[in-house]
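For reference, the structure discussed in these notes is given below.
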Amino acid sequence: MNEKPIKIYTPPGVGDTLWILQKLFPTTQRNFELYTWSRTNKSSPFLTNLERIVSVSEFSEPFRGYTRYKTKCQEMYNIYSSNNSSYFDTVDELFLEANTFLEHGNRLETYLPNLPTQYKLPWKINSEDENIVRDYTNDQNVIVLYTSSMQNNKLSKKEMSEWTFNAWVDLAKSLFKTYPGIKIAWIGGKYDECAIKELEKDLKGELIDYYIDKPATFIVPLLRQCKCFISYQSGISCISMSEDVPTYMLYFNHLDKLPWSICPPSFINNKSIYNPEFFGKATINDIVNWVEQHLKY
């Protein structure tokens with residue numbers, strides 16, 4: 001077997017790359033060097049905390065635009081999809097983009113159809129972070145919340161209908177009112193930090209704990225030990241779903257075929273463990289009511 005790491009060129013997001021890795025981890029024992037498409041909001045370094053990930057870098061060259069990169073991926077996919085596992089023990093680099101395939105409603109298992117699919121991936125363990133999370137969540141009804149940034153909640157009505165950042169504030173207020181004694185752990189990156197100021201305008205003194213730019217060694221145990229996760233669509237919620245964490249994920253309206261393409265097969269239409277909803281249909285009451293089944297008093 002080739003001992004060199006495979007260079008994998010993927011789209012920019014955590015979820016975008018995760019779907020590729022869920023096909024490659026069970027296919028080969030080789031390590032991976034990840035190259036993700038360059039963008040301002042850099043989330044892909046989160047994946048450095050996976051076993052067998054040697055490095056995470058960005059790229060755009062030699063492609064003159066993302067469309068040309070996608071064209072390269074499609075050309076190469078015709079080769080990759082006809083090969084079995086042994087092929088991936090020989091190649092030096094791969095150009096893969098699963099988003100388009102999955103957004104058309106195709107199941108992840110049928111992407112690179114000759115390869116197996118592994119939903120849970122081997123996250124690195126950090127005992128110090130695990131202990132901090134364990135102390136925080138011990139015998140507590142902790143709900144993890146990812147709202148994304150203020151800017152990402154100002155997209156067009158075509159994408160989000162009437163949903164604005166105020167809905168996240170109202171949701172948090174309703175959760176505290178409905179379920180006394182809960183804790184909300186808000187997670188996000190520096191890019192999302194503006195959301196904290198908006199939440200604190202109405203929720204000063206409430207039990208929201210904010211975790212900014214925490215590595216996977218902290219976030220993954222937090223997800224595993226919380227009661228449930230409510231999320232703006234993100235790669236983090238793809239991780240929680242794959243980790244069997246009860247996940248309520250809000251999707252852009254146009255991604256009508258994606259939600260049931262990426263979850264483990266046993267989760268299809270099992271909205272207790274994975275409840276995908278579109279911003280155009282989501283209501284605060286529905287989310288609050290979904291949470292109840294996951295709390296323990």
Side-chain angles (χ1 to χ4, degrees), residues 1-63 66 69-70 72-73 75-77 79-81 83-99 101-102 108 111-112 114-130 187 189-191 213-224 234-243 262:
M1 184 183 74
N2 190 341
E3 296 298 328
K4 291 173 58 178
I6 308 176
K7 296 179 179 179
I8 310 172
Y9 295 84
T10 75
V14 168
D16 307 333
T17 304
L18 188 78
W19 301 325
I20 304 299
L21 295 176
Q22 287 172 331
K23 300 298 295 191
L24 294 180
F25 260 90
T27 293
T28 177
Q29 294 302 308
R30 292 171 66 186
N31 292 333
F32 306 108
E33 293 178 358
L34 300 181
Y35 295 84
T36 64
W37 186 261
S38 179
R39 71 176 182 184
T40 302
N41 180 19
K42 298 175 176 62
S43 60
S44 56
F46 188 85
L47 296 167
T48 57
N49 286 126
L50 272 172
E51 301 287 351
R52 294 167 53 195
I53 301 298
V54 176
S55 60
V56 180
S57 307
E58 292 190 319
F59 80 99
S60 58
E61 298 293 336
F63 302 99
Y66 189 67
Y69 157 70
K70 286 179 63 176
K72 171 72 171 181
C73 289
E75 291 171 354
M76 298 307 297
Y77 182 79
I79 298 172
Y80 305 150
S81 61
N83 280 281
N84 58 25
S85 297
S86 61
Y87 172 82
F88 296 88
D89 284 332
T90 64
V91 294
D92 290 330
E93 60 184 15
L94 298 169
F95 297 86
L96 289 165
E97 184 264 337
N99 302 41
F101 182 88
L102 296 169
L108 180 59
Y111 180 76
L112 298 174
N114 295 333
L115 304 185
T117 307
Q118 175 182 331
Y119 282 91
K120 289 186 180 181
L121 296 181
W123 295 97
K124 294 176 183 176
I125 302 300
N126 178 314
S127 58
E128 181 178 353
D129 282 341
E130 272 201 316
I187 61 174
K190 278 287 185 183
Y191 178 81
D213 278 343
K214 286 291 188 179
T217 54
F218 181 90
I219 295 298
V220 173
L222 178 63
L223 292 172
R224 288 171 176 169
S234 72
I236 300 298
S237 18
C238 293
I239 294 170
S240 68
M241 175 207 320
S242 299
E243 289 284 332
I262 58 177

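- When all heavy atoms of P215 and N49 are compared, the closest pair comes out as CB-OD1, 3.4 Å.
- Here the side chains of R30 and D89 are in contact, with some heavy-atom distance below 4.5 Å.
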Requested in this report: Would you please test N83 and N114 for side chain to side chain contact (heavy atoms under 4.5 Å, CB included) and show each step?
Outcome: CA-CA 7 Å; N83 280 281; N114 295 333; 5.8 Å; no
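- Closest non-hydrogen pair, P221 versus A216, comes out as CD-O, 3.5 Å.
- Listed by first and then second residue, the salt bridge (charged side-chain N to carboxylate O under 4.0 Å, His left out) pairs involving residues 115-126 are K120-D244 (not counting sequence neighbours).
- Looking at every heavy atom in both residues, V54 comes nearest to P5 through CG2-CG, 4.1 Å.
- A pairwise comparison of heavy atoms in S44 and T36 identifies OG-OG1, 2.8 Å as the closest pair.
- If you take CD1 on I236 and CD1 on I219, they are separated by 6.5 Å, rounding to the nearest 0.5 Å.
- The structure places CG of L108 at 4.5 Å from OH of Y119, a figure rounded to the nearest 0.5 Å.
- Side-chain contact check for V56 versus T17: every heavy-atom pair is 4.5 Å or farther apart.
- Distance CG/L121 to CG/L50: 5.5 Å, rounded to 0.5 Å.
- Under a 3.5 Å cut-off, the side chain of K23 and the backbone N or O of L115 do form a donor-acceptor pair.
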**Report entry** Residues C238, I262; criterion side chain to side chain contact (heavy atoms under 4.5 Å, CB included); working and verdict
**Finding:** CA-CA 8 Å; C238 293; I262 58 177; 4.0 Å; yes
Report task. Assess whether side chain to side chain contact (heavy atoms under 4.5 Å, CB included) is satisfied between Y80 and V91, documenting all intermediate values. Result -> CA-CA 10 Å; Y80 305 150; V91 294; 5.6 Å; no
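- The shortest side-chain heavy-atom distance between I125 and E130 falls under the 4.5 Å cut-off.
- For the atom pair F88 CZ and I8 CD1, the distance stands at 10.0 Å (nearest 0.5 Å).
- Put simply, the side chain of D16 reaches to within 4.5 Å of the side chain of P12, judged on heavy atoms.
- L34 places a side-chain heavy atom less than 4.5 Å from the side chain of L21.
- Two rings, from Y9 and F59, have their centers less than 6.0 Å apart.
- For the pair L24 and L96, the minimum side-chain heavy-atom distance is below 4.5 Å.
- Smallest separation of non-hydrogen atoms from P116 and S85: CD-OG, 4.3 Å.
- Considering only heavy atoms from C-beta on, T117 stays 4.5 Å or farther from Y111 through its side chain.
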Query raised in the report: Checking side chain to side chain contact (heavy atoms under 4.5 Å, CB included) for the pair E243/L223: CA distance, chi angles, key distance, verdict?
Result: CA-CA 8 Å; E243 289 284 332; L223 292 172; over 6 Å; no
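- Atoms NZ and NZ, from K42 and K190 in turn, are 15.0 Å apart once rounded to the nearest 0.5 Å.
- Judged by distance alone, the side chain of R52 and the main-chain N or O of P122 form no donor-acceptor pair under 3.5 Å.
- Residues that satisfy the side chain to side chain donor-acceptor pair (under 3.5 Å) test with D129, not counting sequence neighbours, are T217.
- Expressed to the nearest 0.5 Å, how far CZ of F63 lies from CZ of F95 amounts to 4.5 Å.
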Report task. Start with the C-alpha distance between Y69 and Y66, add both sets of side-chain angles, then the distance that settles ring-ring contact (aromatic ring centres under 6.0 Å, His included), and finish with yes or no. Result -> CA-CA 5 Å; Y69 157 70; Y66 189 67; 5.5 Å; yes
